Peer 1: 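Before we start, here is the structure in question, set down as C-alpha cells.
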Amino acid sequence: MRVATWNINSVRIRLGVIKSFVDQYQPDILCLQEIKTEAENFPHAALDNMGFKHRLVRGEKSYNGVAILSKVPLEISDQLTFVNGQARHISARISNGMELHNFYVPAGGDIADPEINSKFDMKLKYMEEVANWFQHNRKASDRIILLGDINVAPGKYDVWSHRQLLDIVSHTYMEKYYFRKILNSLNFIDAVREFVPHHEKLYSWWSYRNKDWKLSNKGRRLDHILITEPLKPYLTNYDIFKSGRDLASTSDHVPVIIDLQR
DNA sequence: ATGGTTGGGGTCCAA
C-alpha cells in the first residue's frame, strides 16, 4: 500500500498537478493539507475520477483544511481540534487495523518568540497537545501512521543551513523539542529517515520567494510520515517527488511517499 | 537588514 502526504496550497487550483502525481505514483492513499476551501466546495468529482472513491474532507473558508483521499475504504475516526477551532486534523481507520492521522500543524508566523508572537505560541501549544493526545489515547503497540505538514525541520540535515536557520521558525530548539515530544509519545519512527542517513540533506519544501528554487536549493523538510513500531516490518520504500516542484503552477511543498507491503 | 512569491477573497491576511 502506497501512502502519500502533500501540502497542496489550495486543492481547487492544483487538480492538474495532482493528476500528474497520481498518474506517475499511483498512491492508494493521498493526504492533503491546506486545501483552502470549505468541504462543500471540495472538488469531489475530479478526485473521484482519479480513482479516489473514498474521501474524508475537513475544510474551512480560505485557510487550512485537510483531506484523506483513498482507493481503499476508510472509516472516519477522530477530528481533533487543538488550541483553536481550525481545520488542521482528520483521521481514518483502514480495514487492516491501521489508523491514519493527517495533520497540518500551524506554521507559526515570522518571529520565533512565543511572548510576542501569538502564532508561534499557538504552534508550540498545538504540538504539545498532539503529543499529549497520543500519549493518553493510543498505545505504542497500535498500528498508527501520523503524517502531514508538521512545519518543523527537526534535524540539522533537514534544512539547507543549520546555523543560519537556528532562530528561524521551523528550526528553533523549541519546535524541535515538541517534535521530539510527538515522536516520543508513541515511539514513532521517522519513516523516510529509515532509508536516508541523518547526515544526508533532505527537503520537501522550497519557498516561492526564490528566483530558481533548484539553483538556490534553500529547502527544508517540513512534511513527515511517522509510523509506530508494529508497522516497521512492512515499510519497504520511500520517495520524495522532488521533480514535482518543477510542475507548472504547483505547491511550494512536494509529495512525500512511503510503501507498506503486507 | 530586507525583500522576494503565491492563493483566497475581496482591496489584506497567511504562508
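As the structure is a computational prediction, the values presented were derived from the model and not from experiment. Chain letters run A, B, ... following the sequence lines, proteins first, then strands; residues in each count from 1.
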Peer 1: Using a cut-off of under 3.5 Å, enumerate the N/O to N/O pairs linking the protein to nucleotides 11-13 of chain B.
Peer 2:
none

Peer 1: Taking the six-membered ring of Y63(A) as reference, does the NZ or CZ atom of K36(A) fall below 6.0 Å from its centre and within a 45° cone about the axis?
Peer 2: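 No, cation not above the ring by the 6.0 Å, 45° rule.
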Peer 1: List the residues meeting side-chain hydrogen bond (donor to acceptor under 3.5 Å, both in side chains) with R88(A), not counting sequence neighbours, and say none if there are none.
Peer 2: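 If we apply the side-chain hydrogen bond (donor to acceptor under 3.5 Å, both in side chains) test to R88(A), skipping adjacent residues, the hits are N64(A), Q86(A).
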Peer 1: Using 4.0 Å as the upper bound for N to carboxylate O, is an ion pair formed by R138(A) and E99(A)?
Peer 2: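 Yes.
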Peer 1: Would you mind reading off the distance between L247(A) atom CG and dT6(B) atom C1', rounded to a whole angstrom?
Peer 2: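 Interatomic distance, CG of L247(A) to C1' of dT6(B): 16 Å.
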Peer 1: May I ask you to say what S249(A) touches in the nucleic acid, namely base, sugar-phosphate or nothing, with a heavy-atom cut-off under 4.0 Å?
Peer 2: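 Answer is sugar-phosphate: S249(A) comes under 4.0 Å of backbone atoms only.
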Peer 1: Measure from CD on E60(A) to C1' on dG8(B) and round the result to the nearest Å.
Peer 2: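 Rounded to the whole Å, the gap is 12 Å.
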Peer 1: Rounded to the nearest Å, what distance is computed from the CH2 atom of residue W205(A) to the P atom of nucleotide dT6(B)?
Peer 2: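 To the nearest whole Å, that distance equals 13 Å.
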Peer 1: Decide yes or no on side-chain contact (heavy atoms from CB on, under 4.5 Å) for L222(A) and V152(A), but give the supporting numbers first.
Peer 2: CA-CA 5 Å; L222(A) 305 177; V152(A) 177; 5.9 Å; no
Peer 1: Name the closest nucleotide to the A107(A) side chain, picking from dG7(B), dG8(B), dA15(B).
Peer 2: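 The listed nucleotide nearest to A107(A)'s side chain is dA15(B).
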Peer 1: Given that E38(A) and Q86(A) both sit by DNA chain B, which one's nearest nucleotide is further toward the 5' end?
Peer 2: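 Nearest-nucleotide comparison on DNA chain B picks E38(A).
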Peer 1: Please work out whether the ring planes of F103(A) and F82(A) are parallel, tilted or perpendicular, with thresholds of 30° and 60°.
Peer 2: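 Parallel.
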Peer 1: So R88(A), base contact, sugar-phosphate only, or nothing? Heavy-atom distance under 4.0 Å.
Peer 2: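 Sugar-phosphate contact only - R88(A) comes under 4.0 Å of backbone atoms but never of a base.
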Peer 1: In whole Å, what separates the C1' atom of dA15(B) from that of dG4(B)?
Peer 2: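 Between the two C1' atoms, the distance is 13 Å.
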Peer 1: Go through the structure and list residues passing ring-ring contact (aromatic ring centres under 6.0 Å, His included) with H44(A), not counting sequence neighbours.
Peer 2: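 Listed in chain order: F42(A).
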Peer 1: Under a 4.0 Å threshold between the charged nitrogen and the carboxylate oxygen, would K176(A) count as salt-bridged to D158(A)?
Peer 2: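 Looking at K176(A) together with D158(A), the answer is no, because their closest N to O distance does not fall below 4.0 Å.
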Peer 1: What integer distance in Å separates I35(A):CD1 from dT6(B):C1'?
Peer 2: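 It is 18 Å, rounded to the nearest whole Å.
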Peer 1: Could you tell me the separation between the OH atom of Y104(A) and the CG atom of N151(A), rounded to the nearest 0.5 Å?
Peer 2: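 Going from OH on Y104(A) over to CG on N151(A), the span is 5.5 Å.
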Peer 1: Using atom CZ of F120(A) as one end and atom C1' of dA15(B) as the other, report the distance to the nearest whole Å.
Peer 2: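 Rounding to the nearest Å, CZ of F120(A) and C1' of dA15(B) are 15 Å apart.
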Peer 1: Check the distance between dA15(B)'s C1' and D223(A)'s CG and give it to me in whole angstrom.
Peer 2: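 In whole Å, dA15(B) C1' lies 13 Å from D223(A) CG.
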Peer 1: Rounded to whole angstrom units, what separation is found between the CG atom of N151(A) and the P atom of dA15(B)?
Peer 2: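 Computing the N151(A):CG to dA15(B):P distance gives 8 Å.
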Peer 1: Take atom OH of Y157(A) as the centre, draw a 6.0 Å sphere, and report whether it contains more than 12 heavy atoms from other residues, nucleotides or ligands.
Peer 2: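 Counting other residues, nucleotides and ligands, OH of Y157(A) stays at 12 neighbours or fewer.
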Peer 1: What residues form a side-chain hydrogen bond (donor to acceptor under 3.5 Å, both in side chains) with N210(A), not counting sequence neighbours?
Peer 2: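 In terms of side-chain hydrogen bond (donor to acceptor under 3.5 Å, both in side chains), with neighbours along the sequence ignored, N210(A) is linked to no residue.
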Peer 1: Roughly how many Å is it from CG in N117(A) to C1' in dA14(B), rounded to a whole number?
Peer 2: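 Rounding to the nearest Å, CG of N117(A) and C1' of dA14(B) are 12 Å apart.
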Peer 1: With a 4.0 Å cut-off on N to O distance, would you call D28(A) and K71(A) a salt bridge?
Peer 2: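 Not counted as a salt bridge, because no side-chain N and carboxylate O are separated by less than 4.0 Å.
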Peer 1: Taking the P atom in each of dT5(B) and dG9(B), what is the distance between them to the nearest angstrom?
Peer 2: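 Roughly 23 Å separates the two P atoms.
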Peer 1: Distance between the P atoms of dG3(B) and dG8(B), in whole angstroms?
Peer 2: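 Comparing P positions in dG3(B) and dG8(B) gives a spacing of 26 Å.
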Peer 1: With rounding to whole Å, what would you report as the distance between dG10(B) and dA14(B) at their C1' atoms?
Peer 2: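 These two C1' atoms come out 15 Å apart once rounded.
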Peer 1: If you take any heavy atom closer than 4.0 Å to DNA chain B, which residues from residues 206-219 of chain A end up in contact?
Peer 2: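 Only Y208(A), R209(A) qualify.
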Peer 1: What parts of residues 11-24 of chain A reach DNA chain B, counting only heavy atoms under 4.0 Å away?
Peer 2: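 DNA chain B contact set from residues 11-24 of chain A: R12(A), I13(A), R14(A).
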Peer 1: Using the closest heavy atom to pick a nucleotide of DNA chain B for each, name whichever of G109(A) or N9(A) lands nearer the 5' end.
Peer 2: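 Nearest nucleotide further toward 5': that of N9(A).
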Peer 1: Does the distance from a Lys or Arg side-chain N to an Asp or Glu carboxylate O, for K119(A) and D110(A), drop under 4.0 Å?
Peer 2: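 Salt bridge between K119(A) and D110(A), a charged N being under 4.0 Å from a carboxylate O: no.
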